[in-house]
2 protein chains.
Amino acid sequence: MDMKKPDFTQRFGFLVNDVARLHGRRFDQRVREIGLTRAQCRVLGTLYMRDGQSQAALAELLEQTPMAIARMTDRMEAAGWLRREPHPDDRRIKLLFLNDAAEGALREAMRIGDSVQAEALAGLSDDETSQLLALLQKARTNLAQLERPEYVPPDD
Amino acid sequence: MDMKKPDFTQRFGFLVNDVARLHGRRFDQRVREIGLTRAQCRVLGTLYMRDGQSQAALAELLEQTPMAIARMTDRMEAAGWLRREPHPDDRRIKLLFLNDAAEGALREAMRIGDSVQAEALAGLSDDETSQLLALLQKARTNLAQLERPEYVPPDD
DNA sequence: GCTTTTTCATATCCATGATTATTATAATCC
DNA sequence: GGATTATAATAATCATGGATATGAAAAAGC
């Protein structure tokens with residue numbers, strides 16, 4: 001008898017959760033000195049690509065609830081990273097715009113992200129790294145499609 | 001000009017964060033019906049492998065702060081999943097033991113985890129799946145060693 | 001033995017995210 | 001065009017996790 005108990009740390013859910021937690025913790029420790037957090041960098045990065053989104057649209061892009069975006073943009077507006085402007089035609093909607101401070105901070109955050117990524121993927125060959133990214137991308141598309149079946153991954 | 005802006009969603013940090021968030025959200029939705037959460041499953045799974053740990057030891061195993069474990073075990077003790085018992089020799093220490101209800105719930109959580117993993121990794125070959133797990137495991141080891149240089153990954 | 005240092009658990013505060021409900025505003029449907 | 005329905009933002013509540021600080025108890029130094 002004395003069955004070998006299953007090793008939970010080898011399961012995909014545990015693993016990806018752990019890697020994200022450890023990676024994110026380390027990233028947070030470093031971007032903290034520029035006054036940002038991991039989640040805020042995510043918002044900044046998305047707005048940088050598509051400035052002037054509504055909160056609802058941003059929530060869609062980030063696969064998050066509108067509520068999470070409402071509070072996040074509250075904090076980020078208070079911190080001066082972005083501003084909210086009324087939509088000219090629809091008084092329900094607030095459009096989000098990056099402030100000038102955001103671009104430099106985002107560039108620095110990218111440098112930090114590169115550095116943490118290098119730490120996390122140390123010892124992996126270039127092939128292994130691209131394979132890892134491709135497989136994660138596939139998993140991300142799978143999971144996103146489960147929630148929004150109409151979603152089609154970008155092609156360009 | 002009109003430089004192409006960097007696609008943040010392709011970065012490792014964003015990707016692994018997103019996959020963990022989407023996977024965890026889906027897992028949470030399902031284990032909720034047995035009264036558990038993702039984080040609690042993580043605790044249950046670890047205690048199942050090594051019952052009778054101190055909170056500090058559990059924090060080490062989970063790569064988390066003792067404070068996070070203190071609050072987590074508070075909630076889980078109140079919910080009846082585990083109990084705290086005093087250490088016979090050291091009055092600072094509380095040892096954690098799973099209650100009977102935990103084992104069945106954990107088995108069900110594993111089934112749910114298998115199901116979500118299958119959804120997330122749909123379309124990946126067996127080779128790709130094992131490669132993904134192996135690469136994530138490597139990243140996890142890398143990141144863990146940055147925080148605890150003495151850490152050595154299990155060999156058996 | 002007694003002081004200093006470590007260690008264990010925990011209180012407090014903040015950031016994040018999910019759920020649920022509410023309010024204001026648009027859009028749609030007879 | 002007035003009632004119904006849908007959508008945008010947000011409030012309130014809970015679970016989670018990091019950072020800092022604290023009290024109690026054990027270990028180490030002398």
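Note on naming: letters A, B, ... go to the chains in the order of the sequence lines (proteins, then strands), and numbering restarts at 1 for each one. Treat the numbers as computed from the prediction; the structure is a model and nothing was measured.
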Novice: To the nearest Å, how far apart are E60(A) CD and dA9(D) C1'?
Specialist: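 Rounded to whole Å, this separation is 15 Å.
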Novice: Report the distance from atom CG of D28(B) to atom P of dT16(C), rounded to the nearest whole Å.
Specialist: 19 Å
Novice: Could you list all N or O pairs between the protein and nucleotides 3-7 of chain D that sit under 3.5 Å apart?
Specialist:
residue	atom	partner	partner atom	Å
dT7(D)	O2	R92(A)	NH1	2.9

Novice: How close do Q55(B) and I69(B) get, heavy atom to heavy atom, and via which atoms?
Specialist: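 What the structure gives for the nearest pair is O-CG2, 3.9 Å.
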Novice: Of the non-hydrogen atoms in T73(B) and L82(B), which two are nearest, and what is the gap between them?
Specialist: O-CD1, 4.0 Å
Novice: If we only count heavy atoms from C-beta on, is the N142(B) to E119(A) side-chain gap below 4.5 Å?
Specialist: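 Side-chain contact under 4.5 Å: no.
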Novice: It should be established whether Q64(A) places a side-chain nitrogen or oxygen under 4.0 Å from OP1 or OP2 of nucleotide dT16(C).
Specialist: no
Novice: Does dT16(C) have its OP1 or OP2 closer than 4.0 Å to a side-chain nitrogen or oxygen of T37(A)?
Specialist: yes
Novice: Distance check: side-chain N/O of R91(A) vs OP1/OP2 of dA8(D), anything under 4.0 Å?
Specialist: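 For dA8(D), neither OP1 nor OP2 has a side-chain N or O of R91(A) closer than 4.0 Å.
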Novice: Does a salt bridge link K94(B) with E77(B), judged by any charged N lying under 4.0 Å from a carboxylate O?
Specialist: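 A salt bridge is absent here (no side-chain N lies under 4.0 Å from a carboxylate O).
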Novice: Taking the nucleotide of DNA chain C with the closest heavy atom to each, which residue, M72(A) or D89(A), is nearer the 5' end?
Specialist: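 The 5'-side residue here is M72(A).
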Novice: Side chain of A39(B), heavy atoms from C-beta onward: which of dA15(C), dT16(D), dG17(C) has the nearest atom to it?
Specialist: dT16(D)
Novice: Mind listing the closest non-hydrogen atom pair of F27(A) and V116(A) along with its distance?
Specialist: CA-CG2, 4.1 Å
Novice: Any sub-3.5 Å donor-acceptor pair from R83(B)'s side-chain atoms to L96(B)'s backbone N or O?
Specialist: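 Such a contact is absent between R83(B) side chain and L96(B) backbone.
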Novice: Rounded to whole angstrom units, what separation is found between the CD atom of E33(A) and the P atom of dA19(D)?
Specialist: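 Going from CD in E33(A) over to P in dA19(D) covers 14 Å.
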Novice: Between D51(B) and L98(B), what is the shortest heavy-atom contact and its length?
Specialist: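 Nearest heavy atoms, D51(B) then L98(B): OD1-N, 3.1 Å.
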Novice: Could you list, one pair per line, each protein nitrogen or oxygen that sits under 3.5 Å from a nitrogen or oxygen of nucleotides 10-12 of chain D, together with the distance?
Specialist:
residue	atom	partner	partner atom	Å
dT10(D)	OP1	R84(A)	NH1	3.4
dT10(D)	OP1	K94(A)	NZ	2.4
dT10(D)	OP2	Q55(A)	OE1	3.1
dT10(D)	OP2	Q55(A)	NE2	2.9
dT10(D)	OP2	R84(A)	NH1	2.9

Novice: Just how far, in rounded Å, is P of dT7(C) from CG of L58(B)?
Specialist: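 So the two atoms are 18 Å apart, to the nearest Å.
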Novice: Between R38(B) (CZ) and dC14(D) (C1'), how many Å, whole number?
Specialist: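 So the two atoms are 14 Å apart, to the nearest Å.
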Novice: Sequence neighbours left out, cut at 3.5 Å: what donor-acceptor pairs do the side chains of residues 32-39 of chain A make with other protein atoms?
Specialist:
residue	atom	partner	partner atom	Å
T37(A)	OG1	Q40(A)	N	3.3
R38(A)	NE	D28(A)	OD2	3.4
R38(A)	NH2	D28(A)	OD2	3.2

Novice: L106(B) versus W81(B): any side-chain heavy-atom pair under 4.5 Å?
Specialist: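 No, their side chains stay 4.5 Å or more apart.
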Novice: Counting only side-chain N and O atoms of T65(A), is one of them less than 4.0 Å from OP1 or OP2 of dA18(C)?
Specialist: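 Checking dA18(C) against T65(A), a side-chain N or O does come within under 4.0 Å of OP1 or OP2.
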Novice: What is the separation between atom CG on L44(B) and atom C1' on dT16(D), rounded to the nearest whole Å?
Specialist: 16 Å
Novice: Hey, is the main chain of D100(A) close enough, under 3.5 Å, to the side chain of E103(A) for a donor-acceptor pair?
Specialist: no
Novice: Could you tell me which non-hydrogen atom of Q64(A) sits nearest to which non-hydrogen atom of R21(B), and how far apart they are?
Specialist: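 Taking every non-hydrogen atom into account, CG-NH1, 3.6 Å.
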Novice: For D90(A) and R32(A), find the nucleotide of DNA chain D closest to each by heavy atoms; which residue's nucleotide sits nearer the 5' end?
Specialist: D90(A)
Novice: Could you list who else is in I93(B)'s hydrophobic cluster, with ILVMFWY side chains joined at under 4.5 Å, directly or through other members?
Specialist: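 Same cluster as I93(B): L95(B), F97(B).
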Novice: Need the bend value for the helix from dG1(C)-dC30(D) to dC30(C)-dG1(D): angle between end axes, 5 pairs each end, nearest 10°.
Specialist: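 Nearest ten degrees gives 10° for this helix.
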Novice: To the closest 0.5 Å, what do you measure between CG (L133(B)) and CZ (R140(B))?
Specialist: 13.0 Å
Novice: Look at the side-chain N and O atoms of R75(A) and state whether any lies under 4.0 Å from the OP1 or OP2 oxygen of dT16(C).
Specialist: yes
Novice: Closest approach of V19(A) and A139(B), non-hydrogen atoms and distance?
Specialist: CG1-CB, 4.3 Å
Novice: Take the protein atom CD of E63(B) and the nucleotide atom P of dG18(D), then report the distance between them rounded to whole Å.
Specialist: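 Checked: the CD to P distance equals 10 Å.
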Novice: Can R11(A) and D18(A) be counted as an ion pair, charged N to O under 4.0 angstrom?
Specialist: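 Answer for the salt bridge query: no.
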Novice: In whole Å, I'd like the distance from the CD atom of Q29(B) to the P atom of dT20(C).
Specialist: 10 Å
Novice: For DNA chain D, find the residues of residues 96-109 of chain A with a heavy-atom distance under 4.0 Å and give them by number; none if there aren't any.
Specialist: none
